[in-house]
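Right, one structure below, let's go through it.
First the proteins, then the strands, lettered A, B, ... as listed; each starts at 1. What's counted below: heavy atoms across the whole structure, side chains too, no hydrogens, waters or symmetry copies.
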There are 2 protein chains.
Amino acid sequence: MSGLAIGDVAERTGLAVSAIRFYEEHGIVRPLRNAGGHRRYDRADIRRLSFVMIAQRLGFPLARIAALLEELPDERRVTKADWTRLSTQFRGEIDARIAALERLRDRLDGCIGCGCLSLESCALHNPDDAQAKEGPGPRKLLDEDGQLPG
Amino acid sequence: MSGLAIGDVAERTGLAVSAIRFYEEHGIVRPLRNAGGHRRYDRADIRRLSFVMIAQRLGFPLARIAALLEELPDERRVTKADWTRLSTQFRGEIDARIAALERLRDRLDGCIGCGCLSLESCALHNPDDAQAKEGPGPRKLLDEDGQLPG
DNA sequence: GTACTTTCTCAAGTGCGCTTTAGGTCAAGC
DNA sequence: GCTTGACCTAAAGCGCACTTGAGAAAGTAC
């Protein structure tokens with residue numbers, strides 16, 4: 001009746017059913033239940049899950065994503081302005097990552113050109129680039145701040 | 001005497017001693033041993049480790065990195081041309097990632113502008129972008145090919 | 001030569017993000 | 001009504017990338 005079953009959500013988002021339940025354990029979605037105890041999702045949930053997928057692609061740890069979604073007013077009363085705010089923050093993140101990659105590329109170009117064979121000094125041993133991390137190593141996420149400004 | 005101790009390498013690269021040993025188990029470096037059985041590293045090893053750090057930042061799984069390094073001729077006789085080839089391949093990877101991020105950004109701009117509240121359809125439910133993944137989720141690495149062309 | 005630090009090996013543990021398994025219950029089609 | 005498939009919970013397992021711990025040997029500083 002009202003709401004999608006978990007299997008439908010899985011199909012629409014491309015996530016595994018188990019992953020969706022896992023996200024619920026982490027407070028990312030809070031579906032209603034029908035009389036039989038089955039989860040029922042609405043479009044807001046799908047939106048949240050999609051947001052998770054994008055954020056993960058950008059290397060955000062789940063805990064951080066959960067925290068961000070927590071800031072949205074009420075689970076089922078999110079306005080256009082709320083999503084716009086979130087999206088705009090993400091835009092900033094994406095821009096930052098693009099800039100970091102461009103710096104790395106330029107640095108690497110230098111290495112290729114000069115043949116110095118010293119990646120460690122020209123591309124890596126450069127403190128301000130150490131913050132411009134990309135993909136998250138498991139442990140890297142902890143002591144680092146690939147965070148959204150908000 | 002000849003070669004650096006593991007602690008020195010740790011200090012120079014910023015890696016933990018345990019991580020360096022871990023990489024050795026995975027064939028990424030093969031340091032010599034002194035009379036007492038202690039590892040001795042040279043500059044080539046540091047270069048390899050630096051390469052690992054950069055590649056990881058780009059989201060490459062260790063196994064893939066190890067395979068790439070495996071292709072380098074002899075552990076201690078790597079030429080400028082070898083490194084240049086590797087670096088050039090990486091440049092391609094970086095360019096691809098920048099392009100993917102730019103596509104995502106443009107897509108997101110559309111969402112912000114139109115206020116459609118449908119991230120799932122405009123930013124995500126788009127097959128050709130599903131391949132343009134960024135950071136590697138644990139499982140994502142398996143069925144995916146954020147690979148170097150070489 | 002004694003004290004202290006570093007390194008050694010090997011095994012077990014950790015954190016994240018899920019998946020799998022086991023043993024059931026619920027819902028939909030015939 | 002009955003069967004078949006989707007769903008339920010709880011607990012355990014997995015893959016990656018490391019870290020930690022224990023006990024011993026090697027190196028270094030005085």
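Proximity note for A/I6 (side chain, C-beta onward) versus C/dT19, D/dC7, D/dC18: the nearest is D/dC7. In this structure, of C/dT19, C/dT9, D/dT20, it is C/dT9 that holds the atom nearest to the side chain of B/R21. Residue B/H38 has its side chain nearest to C/dC8 when only D/dC7, C/dG17, C/dC8 are considered.
Nucleotides of DNA chain D nearest to A/G7 and B/F22 differ in position, and the one nearer the 5' end is that of A/G7. Each of B/L62 and B/G36 was matched to the nucleotide of DNA chain D holding its nearest heavy atom; the match closer to the 5' end belongs to B/L62.
For the pair B/Y23 and D/dA17, the criterion of a side-chain N or O lying under 4.0 Å from OP1 or OP2 is not met. Close to C/dC16, at under 4.0 Å from its OP1 or OP2, lies no side-chain N or O of A/Q56. Contact between the side-chain N/O atoms of A/R39 and the OP1/OP2 oxygens of D/dT9 is found at a separation under 4.0 Å. Of the side-chain N and O atoms in B/N34, none sit less than 4.0 angstrom from OP1 or OP2 of C/dC8. Contact annotation: B/R33 side-chain N/O to C/dT9 OP1/OP2 distance is under 4.0 Å.
Atom pair B/D8:CG and D/dT28:C1' shows a separation of 13 Å (rounding to whole Å applied). Summarising the geometry, the separation between CD1 on A/I65 and P on C/dG17 is reported as 7 Å, rounded to the nearest angstrom. The nearest whole Å value for the distance from the CG atom in B/L49 to the C1' atom in D/dA17 is 15 Å. Computed from coordinates, the A/E11 CD to D/dC7 C1' distance equals 15 Å when rounded to whole Å.
Using a 4.0 Å heavy-atom criterion, one finds that A/A5 contacts the sugar-phosphate atoms exclusively.
Evaluated for a side chain to side chain contact (heavy atoms under 4.5 Å, CB included) with A/V52, the options A/L62, A/I20, A/T13 yield exactly one hit, A/L62.
Across every non-hydrogen atom of B/V17 and B/A10, the tightest pair is CG2-CB, 3.8 Å.
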